[in-house]
Protein chains: 2
Amino acid sequence: MTGRKDGVTISDVAAAAGVARSSVSRAFTRPDMLSPETVARIKEAAERLGYVPNHTARALSTGRHGNVALIVPDVANPFFPPLIRAAQSEAERFDFCVFLGNTDEDPRQEDKLLGRFAGQVEGVVLVSSRLSDAQIRAHAAMRPLVLVNRDVEGIPRILIDSAPGVSEAVRHLAEIGHRKIVYVSGPPTSWSNKQRRAAVRNSAAKLGIEVETVAAPVPSYEAGKEAVGAILKTGATAAVAFDDLTAQGILAGLIERGIAIPKDFSVVGCDDVLGAATYPSLTTVSNRSVEAGTVALSLLMQMLQTGIAHDVRHMLGTHLVIRNTTTGFVKK
Amino acid sequence: MTGRKDGVTISDVAAAAGVARSSVSRAFTRPDMLSPETVARIKEAAERLGYVPNHTARALSTGRHGNVALIVPDVANPFFPPLIRAAQSEAERFDFCVFLGNTDEDPRQEDKLLGRFAGQVEGVVLVSSRLSDAQIRAHAAMRPLVLVNRDVEGIPRILIDSAPGVSEAVRHLAEIGHRKIVYVSGPPTSWSNKQRRAAVRNSAAKLGIEVETVAAPVPSYEAGKEAVGAILKTGATAAVAFDDLTAQGILAGLIERGIAIPKDFSVVGCDDVLGAATYPSLTTVSNRSVEAGTVALSLLMQMLQTGIAHDVRHMLGTHLVIRNTTTGFVKK
DNA sequence: TATTGACGTGCAACCGGTTGCATGACATGT
DNA sequence: ACATGTCATGCAACCGGTTGCACGTCAATA
């Protein structure tokens, strides 16, 4: 097992081709500066020797390493993987690599990762950041930074606007006969949670139906299931949950208590991460995480290329996806 | 918007502390070589100036950049995120960063990524690789490489051994009265699929019960649902699915046809990625993806530190998790 | 024919650390 | 008092590229 280092450097190629090291460099980065024959000779030699440019060395002298960081609260939350994937393939279009960071929903961990990545990446995408506005601003001052689902003025941000979808959901519930509904809230520091709660309240007020809020501090199946007691106690006949996982837990909790869905109770999720895979299939608000990932990354690339950061605030709309946890409700 | 470069280098610190650059370097990498007072003075200066060592520069001279790559077929498949997360936090223990690669189940993409990462990472973890043995060997010859769920002799590999869990499942099904079962298979090139199919057949043969195989070429909810027709046609009374997603689809398909679960039909999944979140909650084979991620990474770290690659073949056992899609079957 | 400019190439400094070796100060042993 | 050894520190080369500038050649222009 000999092979560790390839060992073929620019000097080797230069020697083989009978030119200076700088010419080899230029043959790859600015071939137009050299005569076509020289370029050909160098490339031939490089090919023959199996030369591969060393990213690290290049990065040291140019300051551009072709890497960006993507930091999310929890890779295992089904909301994020499609976003990650989209961001990654967009990065690849620009020949960039992605560092993935997972913060476990912990701001300290987030800060630590940001520091660890610094100097290895040219820019950062922060998804659903739990940092304070001040911390975010501080990082943004050091390097190009794009936010997803976090609204800090002056910093480019992509926001998935669930308000239209949520409003539509409330209207839908009112139409099929509900007079009192519950919003089952998510993480208190989440921008999306605040936005959804506000959207539920506003639409309900407009439609003249009652709303109460029940807390599910963590967005998970278990938390949803546990919230069912509190939900039923309100006397509401429908629930809008912070996300699909919570909704799925609520579904399970209701079924366990013998409550028929959608006949006796309606449930609406958010983010559409489960597709039609619940039973009954879940009515939910559509999700734009793929676009969010793509846009965030292309925005970052643009910032890197131009060197300027516009104060972009990119909103992505949503809509209601009606399935079988709402239609079929029978008003008493 | 001035701040781009921190600009604080080892030279700045050296000047501030009144020592040579090499002493600053040593203050961080080999403090034992310097007098405690000098170290203190340098660290103080570094702190005051906000000095952060430049990874790229360090990498250039040492050849160690503190990065590893983790390549998976599909981040969005719920099997992988926990593994990714575990690997990432293990990497962090060693102060390493993780590059994440997504191949979209495409061997060409996998090869491309591997090339793109080369020179930026010290080692690679390949999860459920779709490359040929020869390609894997070629890459392994160039740099430290660890495989997960792929069995290539001579290359360190972590294998999640679903055989024990699957065998237990078949025994369980036999015990509650099934005489004929179906294995719903996954991707034909998958090592796990081959292993699971074999385990089902072997145990069934031992217990004297009948097995048929139905193909669901892609592991997904939809594919599972579509397979239901074929499953019922076999006359079997239970299905063991390649994974939980497929099982969930089967569940939905059966319920849609009015077949009561578990009374009339039993379903077993694999990988336990859905928790108890299906209805009825799914009996499945446990998953060791977290350990797989952790072990793969620590193995890689060990290889990097010692420089030697033992021919490790690390098996992680599994067991059956009994929930409500099996118990309650009523034999006719 | 002398002048000018364009063009292709090489030289050498630089990016920000690391590290082998040399040096000088001081302490120890005899 | 002198030889020897230890220890802390500095010098300078090096990792593998990039890039501003200088130089020489050759053709076009005056």
Side-chain angles (χ1 to χ4, degrees), chain A residues 4-46 49-67 95 116 118-122 142-143, chain B residues 4-46 49-67 95 118-122 143:
Chain A
R4 181 59 33 100
K5 278 277 162 209
D6 298 345
V8 183
T9 78
I10 208 171
S11 303
D12 301 331
V13 178
V19 296
R21 299 192 307 140
S22 46
S23 293
V24 179
S25 172
R26 289 194 260 257
F28 289 93
T29 55
R30 306 231 298 272
D32 51 296
M33 282 184 69
L34 268 43
S35 76
E37 306 85 61
T38 311
V39 173
R41 190 150 40 90
I42 293 173
K43 293 225 160 163
E44 184 276 325
L49 270 60
Y51 167 72
V52 180
N54 178 326
H55 256 90
T56 310
R58 191 194 307 247
L60 182 58
S61 57
T62 59
R64 320 206 57 219
H65 11 44
N67 299 327
D95 210 33
R116 177 71 181 77
Q120 303 224 70
V121 299
E122 291 180 44
M142 307 257 280
R143 69 190 59 77
Chain B
R4 182 57 35 96
K5 279 277 163 208
D6 298 346
V8 184
T9 79
I10 209 172
S11 304
D12 301 330
V13 179
V19 297
R21 299 193 307 143
S22 46
S23 294
V24 179
S25 172
R26 289 195 259 257
F28 288 94
T29 54
R30 305 233 298 274
D32 51 296
M33 283 186 69
L34 267 44
S35 76
E37 307 86 60
T38 311
V39 172
R41 191 150 40 90
I42 293 173
K43 293 226 160 161
E44 185 277 326
L49 271 59
Y51 168 72
V52 179
N54 180 325
H55 258 90
T56 311
R58 192 196 307 252
L60 182 56
S61 55
T62 60
R64 321 205 58 218
H65 11 43
N67 299 327
D95 210 35
Q120 303 224 71
V121 299
E122 291 179 43
R143 69 189 59 78

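A, B, ... follow the sequence lines: proteins, then strands. Residue 1 opens every chain.
A salt bridge between A:Glu122 and A:Arg64 is present, with a side-chain N of the basic residue lying under 4.0 Å from a carboxylate O of the acidic one.
For B:Ser35 and B:Thr38, the side-chain atoms include at least one donor-acceptor pair closer than 3.5 Å.
Among C:dT9, C:dC15, D:dT19, the nucleotide with an atom closest to any side-chain atom of A:Leu34 is C:dT9. With distances taken from any side-chain atom of B:Leu60 to the nucleotides D:dT9, C:dG17, D:dC15, the minimum falls on D:dC15. Here the nucleotide nearest the side chain of B:Thr9, chosen from D:dT9, D:dG10, C:dG17, is C:dG17. Checking C:dG8, D:dT9, D:dC11 against every side-chain atom of B:Ser22, the shortest atom distance belongs to D:dC11. Among D:dG17, D:dC11, C:dT19, the nucleotide with an atom closest to any side-chain atom of B:Ala20 is D:dC11. Side-chain atoms of B:Ser23 lie closest to D:dG10 of the nucleotides D:dA13, C:dT9, D:dG10. Taking the side chain of B:Val19 as heavy atoms from C-beta on, and the options C:dT9, D:dG16, D:dG10, the nearest nucleotide is D:dG10. Comparing atom distances between the B:Arg26 side chain and each of D:dT18, C:dT18, D:dG10 picks out D:dG10 as nearest.
Under 3.5 Å, the side chain of A:Arg21 and the base of C:dG10 form no donor-acceptor pair of N or O atoms. Below the 3.5 angstrom threshold, one finds no donor paired with an acceptor across the side chain of A:Arg58 and the base of D:dG16.
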Open item on the list: Is there a side chain to side chain contact (heavy atoms under 4.5 Å, CB included) between B:Asn54 and B:Ile10? Walk through the geometry before answering.
Closed with: CA-CA 9 Å; B:Asn54 180 325; B:Ile10 209 172; over 6 Å; no
TODO: For the pair A:His55 and A:Asn67, evaluate side chain to side chain contact (heavy atoms under 4.5 Å, CB included) and give the outcome as yes or no after the intermediate values.
DONE: CA-CA 10 Å; A:His55 256 90; A:Asn67 299 327; over 6 Å; no
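Residue B:His55 contributes atom NE2, which lies 21 Å from atom P of C:dC15 at whole-angstrom precision. Atom CG of A:Asp32 is separated from atom P of C:dT9 by 12 Å (rounded to the nearest Å). Atom CZ of A:Arg30 and atom P of D:dT19 are 6 Å apart (whole Å). Between the C1' atom of D:dT19 and the CZ atom of A:Phe28 lies a distance of 17 Å, rounded to the nearest Å. In this structure, CD of A:Gln120 is placed 14 Å from C1' of C:dG16, rounded to the nearest angstrom. When the P atom of C:dG17 is taken as reference, atom CZ of B:Arg64 falls 18 Å away, rounded to whole Å. Taking atom CE of residue B:Met33 and atom C1' of nucleotide D:dG10, one finds them 11 Å apart after rounding to whole Å. Taking atom CD1 on B:Ile10 and atom P on D:dG10, their separation rounds to 12 Å, with Å as the unit.
Along DNA chain D, the nucleotide nearest to B:Thr38 and the one nearest to B:Ala57 differ in position, and the one closer to the 5' end is contacted by B:Thr38. Both A:Ser35 and A:Thr62 lie near DNA chain C, and the one whose nearest nucleotide falls closer to the 5' end is A:Ser35.
A:Ser11 comes within 4.0 angstrom of no nucleic acid atom, judged by non-hydrogen atoms across all strands. Residue contacts shown for A:Tyr51 are limited to sugar-phosphate atoms, with no base heavy atom under 4.0 Å away. Residue-level contact check: A:Thr56 touches neither bases nor backbone, having no heavy atom under 4.0 Å from any strand.
A cation-pi arrangement, defined by a distance under 6.0 Å to the six-membered ring centre and an angle within 45 degrees of its axis, is absent between A:Lys43 and A:Tyr51.
Considering only side-chain N and O atoms, B:Ser25 lies under 4.0 angstrom from the phosphate OP1 or OP2 of C:dT18.
Using a 4.5 Å cut-off on side-chain heavy atoms (C-beta onward), A:Val39 and A:Arg26 make no contact.
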